[in-house]
Protein chains: 2
Amino acid sequence: MTTAGTPGKAARRKRSDARRNEQALLDAAAAVFVHAGVDAPVRDIATEAGVGMGTIYRHFPTRADLVVAVYRHQLDALAAAGTAVPQAGESPYDTLRLWVARFADFLVTKHGLAGALHSDQAGFESLHAELIGRLLPVCEQLLAACAAAGQTRDDIQPYDLLRGIGNLCVGAETDPNYNARLMIDLLLAGLARDRSVTPATSTE
Amino acid sequence: MTTAGTPGKAARRKRSDARRNEQALLDAAAAVFVHAGVDAPVRDIATEAGVGMGTIYRHFPTRADLVVAVYRHQLDALAAAGTAVPQAGESPYDTLRLWVARFADFLVTKHGLAGALHSDQAGFESLHAELIGRLLPVCEQLLAACAAAGQTRDDIQPYDLLRGIGNLCVGAETDPNYNARLMIDLLLAGLARDRSVTPATSTE
DNA sequence: CATGATACGGAGCAATGTTCCGCTTGTCAA
DNA sequence: TTGACAAGCGGAACATTGCTCCGTATCATG
């Protein structure tokens, strides 16, 4: 019986039209997200993909599922970037800073992702969960390395940091007067045990 | 703005039932906000106040108007607290920290206010504007004092700081795993020019 | 008390999320 | 090739919520 449920691998290959539609939906969603944000009406995405409402909900029961699927590559890349071996001469704190910058870029460039992530809108909890599940271990590792090297405080929870950074990104794209990256720099500077390790942004 | 345009004084006193309804709406909104957040359905507020839909929109054309009206006292108090003369022996940086803590408390204890403030939902821009208009000057003054005393960097925009703090408060109430105050402490520590001025972060 | 201005109520429209079910289509075996 | 059936599809229909509009009720004033 090759029915679904085997933990290992391939259940039964999905029907060809189902696969086609799933891909069409991913493409359509990616396109719509770019100009209408991740809050775009479900109908718009369905229309763009040329499918009915039922189809989109069958493939992606919650909006978060769709969002996660669309950005899965980038999420993978982000997680991988954090565990890659650092450049020679790069301190743990440098590595953390670099990774955080990538994380912030990811959130900011995705129209409204940061906002959606932290809203209590129904259907976004699983997006939050997915992101945390994927990135928390990475963040934790980077932070632990910093603390072990004595470069940062050791009493900060990775989750708090991740969430704090994410929060700081809210509105960074839509509000031209708000400089989220600068605030992130401040936060990271506050994390450092010794002011001397903080690079350029600090004066002189 | 409430009067018809006479710069000096009272235009025509509003009708008694109108005044009564306005107050009922404020009370009802305050009550509903507590358990349903500032995003509560307009209908719920109207029902709670025992008035019709038309009435609520006549008195408060946008949701932000209602929210601002409900929290006006506290906003006033917050603005006043920032300009009050500091305690003896309190450094400008201490004063800033204290005020920021009050600001954070204000946002966090109002169910979803921080989130609403930074969402791009229609009708919330004016809430944002009101808050900024009221608090930005205060923040600016506190920050300038810190910089003048050499306690903090002098290249930070008050707006960025206000917005950053506000952002960090998002979800502080609903996510028990997130310690917004700690992140705010970190941000403020990063703001300090000299690590020695930052007091031992009291875990609250 | 009459009358005009003011304010009220809630039905109704629009946008959007979500479900449900009859119909279509792909797949597989005979 | 064909028949049968599970898998999948489409979109109408329902629910929620924001917001407007206008006939009606109420207040204030002479």
Side-chain angles (χ1 to χ4, degrees), chain A residues 1-5 10-26 28-29 32-33 36-67 112 115-116 119-127, chain B residues 2-5 10-26 28-29 32-33 35-67 112 115-116 119-127:
Chain A
M1 306 321 157
T2 48
T3 58
R12 148 89 123 269
R13 219 163 101 122
K14 278 206 286 213
R15 255 172 58 167
S16 58
D17 54 347
R19 263 176 296 133
R20 205 181 326 122
N21 278 329
E22 182 162 331
Q23 191 55 51
L25 276 169
L26 284 174
V32 172
F33 286 172
V38 295
D39 291 306
V42 184
R43 276 175 179 73
D44 290 356
I45 300 170
T47 301
E48 172 82 18
V51 305
M53 297 292 301
T55 301
I56 195 168
Y57 276 99
R58 192 170 319 102
H59 286 283
F60 305 100
T62 77
R63 182 189 294 272
D65 294 323
L66 182 55
V67 174
S119 77
D120 40 7
Q121 301 280 347
F124 275 116
E125 319 78 28
S126 84
L127 171 58
Chain B
T2 46
T3 59
R12 149 91 120 268
R13 218 165 102 127
K14 279 208 285 214
R15 252 173 60 171
S16 59
D17 54 347
R19 264 176 295 131
R20 205 182 327 122
N21 278 329
E22 182 163 331
Q23 190 54 50
L25 276 169
L26 284 175
V32 171
F33 286 172
H35 63 264
V38 295
D39 292 306
V42 184
R43 276 175 178 74
D44 291 355
I45 301 170
T47 301
E48 171 84 19
V51 306
M53 296 290 301
T55 301
I56 194 168
Y57 278 101
R58 190 169 321 102
H59 286 283
F60 305 100
T62 77
R63 180 189 295 272
D65 294 322
L66 183 54
V67 174
S119 78
D120 40 6
Q121 303 279 346
F124 275 116
E125 319 78 27
S126 84
L127 171 58

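Basis for what follows: all heavy atoms, side chains included, without hydrogens, waters or symmetry-related copies. Here the structure is a predicted model, which means the values were calculated and not measured.
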Short side-chain N/O contact from A:His59 to OP1 or OP2 of D:dC9, under 4.0 Å: yes
Gap between atoms CG and P, on B:Leu66 and D:dC19 respectively (whole Å): 12 Å
Contact under 4.0 Å: B:Arg63 side-chain N or O vs D:dG18 OP1/OP2: yes
For C:dA7, does either OP1 or OP2 sit under 4.0 Å from a side-chain N or O belonging to B:Thr55? no
Contact class for A:Arg58 (heavy atom, under 4.0 Å): base, sugar-phosphate, or nothing? base
Residues within residues 17-26 of chain A bordering DNA chain D, heavy-atom distance below 4.0 Å: A:Asp17, A:Ala18, A:Asn21
How long is the line joining CG of B:Asp65 and P of D:dC19, in whole Å? 11 Å
Heavy-atom closest contact (A:Ser126 atom, A:Asp65 atom, distance): OG-OD1, 4.2 Å
Exactly one of B:Thr47, B:Asn21, B:Ile45 should register a side-chain contact (heavy atoms from CB on, under 4.5 Å) with B:Ile56. Which one does? B:Ile45
Whole angstrom value for the distance that separates P of C:dT25 from CZ of A:Arg13: 20 Å
Could you state the CZ-P distance from A:Arg15 to D:dG10, rounded to the nearest angstrom? 11 Å
C:dT27 phosphate, OP1 or OP2, under 4.0 Å from A:Ser16 side-chain N/O: yes
Scan A:Arg15, A:Arg19, A:Arg20 and name whichever one has a salt bridge (Lys or Arg N to Asp or Glu O under 4.0 Å) with A:Asp17. A:Arg15
Any N/O pairs under 3.5 Å between the protein and nucleotides 12-15 of chain D? List them or say none.
| unit_1 | atom_1 | unit_2 | atom_2 | d |
| --- | --- | --- | --- | --- |
| D:dA13 | N6 | A:Arg43 | NH2 | 3.3 |

